[in-house]
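The structure under discussion appears below in the form of structure tokens.
Every value quoted in this text rests on a predicted model; they were computed, and no experiment measured them. Whatever order the structure lists them in is the order used to number ligands and atoms, beginning at 1.
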Amino acid sequence: MSSAPIYSIRMHATTGGDHLCGAERLSTSETLDGIAASLVRRALSHPRGSADALRLSVDRVEPEKVLRGRLLDVTTCAVADWRGGRNAARAFLVKAGVAAGAIDAAMTDLAAGAAPGGKNMRGAMLVDARSGLRLEPDPARGVRASRMDLSSEAEQRLRAELSPRNLDNPHVREAIVLAAKVAAAPGIVAELCWSDDPDYTAGYICTPLHGYLRFPHLKPAGEAIGGRAFFLQPQCDVAETIAFLEEAVVLFDEIGVFHPDRN
Ligand code: PML
């Protein structure tokens, strides 16, 4: 994808006016229509319902604006249930420099639905890692990490690592790519995420210290509320962080190391 024109494709789907799902890809002109069709199919067959409105945005990106990056190292942390998962995630986030009160505030908001009215946000909460205060300009929309993808070679290598671990699914692949962009953003201390898909209980944290640390259980099965919190350094330039997350175009062409599971 180096010299050919590159397009950023973004999809956002709603049902009843509420966020349903979104996705981001980078593509050459040859694969653009196939990717667009797959994103439309995804919006129409989401586990939380079928989209009644969806927006596809396609923007051409100047090749020299595309940054290159490496994915984070990946570790799965075995936990018995979602309570164990949240306790373990909390302990790792504290080690990474997030205040316990900020973690608890973010977990409470994520579990209740972080958007007004207890709904899922389209993007992530921004949370001050010391005070726990919410910093995103629009608490219904949040901040969406966008305009990132894997090179096709890196995708093949990632899938070859994930497949024998029974992890080669879109949740894991896309989360690993998104977390790498978040971790590369200025001002970020850590990320916390669990899925809003009722059939998918896993979640992860990412920090510079731990890489991508996944927990098979971070919320109860059947629960359709989830999302992301990005913990920010106190007094960082929030506008700069948002600009990187939403606008910088990053193609990951190297994968991280897969570590053995930890208990
Ligand atoms: C999502 O797809 O909604 C987020 C998934 C987070 C966990 C991915 C993983 O299993 O590592």
Side-chain angles (χ1 to χ4, degrees), residues 10-15 18-25 38-39 42-43 45-49 51 71-79 81-82 84-86 88-89 92-93 106-107 109-111 113-115 119-125 142-146 148-150 155 158-159 161-183 190-207 210-230 245 252 255-262:
R10 292 171 294 147
M11 179 274 283
H12 180 229
T14 56
T15 182
D18 293 333
H19 167 76
L20 177 66
C21 63
E24 353 276 327
R25 299 292 307 275
S38 73
L39 295 181
R42 179 199 289 216
S45 58
H46 194 270
R48 287 196 298 113
L71 297 177
L72 299 166
D73 293 352
V74 178
T75 313
T76 293
C77 193
V79 289
D81 56 23
W82 66 270
R86 284 193 201 169
F92 285 115
L93 287 168
M107 286 190 174
D109 282 2
L110 274 187
K119 295 179 177 169
N120 287 317
M121 291 173 96
R122 175 175 172 187
M125 297 187 267
V143 173
R144 195 156 171 102
S146 189
M148 66 278 169
D149 208 340
L150 284 171
E155 182 181 350
L158 181 67
R159 295 186 75 160
E161 290 287 351
L162 292 173
S163 184
R165 296 171 171 86
N166 288 325
L167 292 175
D168 187 19
N169 65 65
H171 287 280
V172 180
R173 290 197 303 270
E174 290 175 13
I176 286 176
V177 175
L178 187 147
K181 184 170 184 199
V182 172
E191 178 189 354
L192 165 69
C193 163
W194 65 75
S195 182
D196 58 13
D197 178 341
D199 303 328
Y200 201 79
T201 62
Y204 67 90
I205 63 162
C206 79
T207 79
H210 305 101
Y212 182 94
L213 191 51
R214 48 185 310 281
F215 304 89
H217 310 284
L218 215 43
K219 67 148 203 226
E223 177 64 68
I225 297 286
R228 292 186 154 84
F230 301 157
L245 290 168
F252 292 94
I255 68 168
V257 173
F258 278 72
H259 295 293
D261 291 2
R262 55 191 292 176

* Answer with yes or no whether V172 contacts ligand 1, where contact means a heavy atom under 4.0 Å from a ligand atom. => yes
* Looking only at protein heavy atoms, which one is nearest to atom 3 (O) of ligand 1, and how far off is it? -> S195 OG, 2.9 Å
* **Lys/Arg-Asp/Glu bridge criterion (N-O < 4.0 Å) met for R48, D197** => no
* Report yes or no: is the cationic atom of R86 (NZ for Lys, CZ for Arg) closer than 6.0 Å to the six-membered ring centre of W194, at no more than 45° off its axis? => yes
* To do: Kindly indicate whether the side chain of R228, heavy atoms from C-beta on, has any atom under 4.5 Å from the side chain of Y204.
  => yes
* Atoms in ligand 1 with a heavy atom of H171 nearer than 4.0 Å -> 1 (C), 2 (O), 3 (O), 8 (C)
* Pick from F215, Y212, Y204: the one approaching atom 11 (O) of ligand 1 most closely through a non-hydrogen atom -> Y212
* **Residue pair L162, F258: steps toward the side chain to side chain contact (heavy atoms under 4.5 Å, CB included) verdict** => CA-CA 9 Å; L162 292 173; F258 278 72; 3.6 Å; yes
* Asked: Salt-bridged, K181 to E174, with N to O below 4.0 Å?
  -> no
* Asked: What part of Y200, side chain from CB on, backbone N/CA/C/O, both or neither, has a heavy atom under 4.0 Å from ligand 1?
  -> side chain
* Asked: In terms of atom number and element, which parts of ligand 1 are under 4.0 angstrom from non-hydrogen atoms of R214?
  -> 9 (C), 10 (O), 11 (O)
